[in-house]
Amino acid sequence: MAATAVAALALTGCGRSDDTGSTSGDTSTGSSTGATGGFPADSLIGVSLPQKTSENWVLAENLFKDDLAAAGFKADVQFANGGVGEQQNQIQSMVTKGAKVIVVGAIDGSQLGTQVKAAKDAGATVIAYDRLLLNTDAVDYYVAYDNFQVGVLQGNALLEGMKAKKPNGPYNIELFAGSPDDANAKVFFDGAMSVLQPKIDDGTLKVVSGQTQFTQAVTQGWKAENAQKRMDTLLSASYASATLDGVLSPNDTLARAIMTSVKAAAKPLPVVTGQDSEVESVKSIMAGEQYSTINKDTRNLVKETIAMVQALQKGEKPTINDDKSYNNGVKVVPANLLKPLIVTKANAKEAYANDPTLSKLTQ
Ligand code: GAL
């Protein structure tokens, strides 16, 4: 019965969507059908992306544009390189234009409450993409690679990489985290520390600088120059005589900045972790410099997001595989979590076998 009702509504919706500029009609369809009622198959879908702090965001832009269009939707895909204010305006304008779903990769997950509430009030569904939206109940779903698991994999890789170079500790390490406004940064760090903290406590690992807190390890704006500067300072303050064995880096851009700093100081390269499978880092891994990265294939994440949009369009419930992990401070956001994969030189060929760009680098 429900399916018939949904089909009827979808048909009504299709008819309506042919009228250009019938904003009020669209709005009433949205509110009368609610979150489970579906919407016209050629509706506008808004995608609000943060700053281009890593390659995955640039890839996401193109994939969302192409794949939403291929699925029959109208796509409004925007970056907010100007910062939080720009992202707030973009989301507000997507709401005004009548977007039925708004997909948000937030610069600062705690600063978009007003805009996503406006989206909900207008009958749209809000999906947090890659980064969670915090302290708001106006977020329906979360789709991301499991961020805590990313950190766990990084922590394990750091230990394994150092062990391969030097079988027994203690090991001297330093810790880097991502941008504190990005909700993922703390989760990555906590995941890594779930592995590293016990080893710090038992003396296997020594953070020579003493900077073990997230607030001390953060890298504002995920900016390479900030990580490089901090590494310069750490090297001169704590490694005049001590050897640096490893660095926890939360992503590839920062990993390369950290290695640049170490090279400039004419020190031997430590084991450095990463994330995102950026081209330059995959090259570095193959050259034996950066130790590891994480494969979070953006194509799959965008595909899952669009599958959610398609389910919503039909009035169906999108796929959710986790309803307990991502509490945003106000609610536990139902999530579709994908599995991240650790990549080192040893498994790079296999890991990127179906990636046309990266597979060329592992031959
Ligand atoms: C995170 C994302 C990472 C990395 C970082 C910097 O939120 O999950 O993959 O790209 O942003 O852009």
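Note that ligands are numbered from 1 as they come in the structure, with each ligand's atoms numbered from 1 the same way.
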Next on the checklist: Does either side chain, that of Thr273 or that of Tyr291, offer a donor lying less than 3.5 Å from an acceptor on the other one?
Outcome noted: no
Item to check | Connected-component partners of Val330 among ILVMFWY, side-chain separation under 4.5 Å | outcome: none
Checklist outcome for this item: shortest atom 8 (O) of ligand 1-to-protein heavy-atom contact is with Asp130 OD1, 2.6 Å
Next on the checklist: Give me the residue, atom name and distance of the protein heavy atom closest to atom 9 (O) of ligand 1.
Outcome noted: Asp276 OD1, 2.6 Å
Item to check | Proximal ligand 1 atoms for Asn184, defined as those under 4.0 Å from one of its heavy atoms | outcome: 1 (C), 2 (C), 7 (O), 8 (O)
Checklist entry - Which bit of Tyr145 gets closer than 4.0 Å to ligand 1, counting heavy atoms only: side chain, backbone, both or neither? => result neither
Checklist entry - With a 3.5 Å cut-off and no angle check, do the side chains of Gln275 and Asp252 form a donor-acceptor pair? => result no
Item to check | Under-4.0 Å salt bridge between Glu278 and Arg256 | outcome: yes
Next on the checklist: Side chains of Asn81 and Gln51: any donor to acceptor distance under 3.5 Å?
Outcome noted: no
Checklist outcome for this item: min-distance protein heavy atom vs atom 12 (O) of ligand 1 -> Ser54 OG, 2.5 Å
Checklist entry - Strictly by modelled atom types, are Gln149 and Asn147 linked by a side-chain donor-acceptor pair under 3.5 Å? => result no
Item to check | ligand 1 contact on Phe188 by region, counting heavy-atom pairs under 4.0 Å | outcome: side chain
Checklist entry - For ligand 1, which atoms sit closer than 4.0 Å to a heavy atom of Gln275? => result 9 (O)
Item to check | Under 3.5 Å side-chain donor-acceptor pair for Asp130 and Asn184 | outcome: yes
Checklist entry - Going by the order shown, which atoms of ligand 1 are within less than 4.0 Å of some heavy atom of Asp182? => result 1 (C), 7 (O), 11 (O)
Item to check | Donor on one side chain, acceptor on other, Gln228 and Ser261, under 3.5 Å | outcome: no
Checklist entry - Can an N or O of Asn147 be found at a distance shorter than 3.5 Å from an N or O of ligand 1? => result no
Item to check | Partner set under ring pair (Phe, Tyr, Trp, His ring centres under 6.0 Å) for Trp57, not counting sequence neighbours | outcome: Tyr129
Checklist entry - Is there any N or O on Trp57 that sits under 3.5 Å from an N or O of ligand 1? => result yes
Next on the checklist: Can you name the atoms of ligand 1, numbered from 1 with element, that are less than 4.0 Å from a heavy atom of Lys296?
Outcome noted: 2 (C), 3 (C), 8 (O), 9 (O)
Next on the checklist: Using a 4.0 Å cut-off to any heavy atom of Arg131, which atoms of ligand 1 qualify?
Outcome noted: 1 (C), 5 (C), 6 (C), 7 (O), 11 (O), 12 (O)
Item to check | Side chain, backbone, both or neither: the part of Thr53 lying under 4.0 Å from ligand 1 by heavy atom | outcome: both
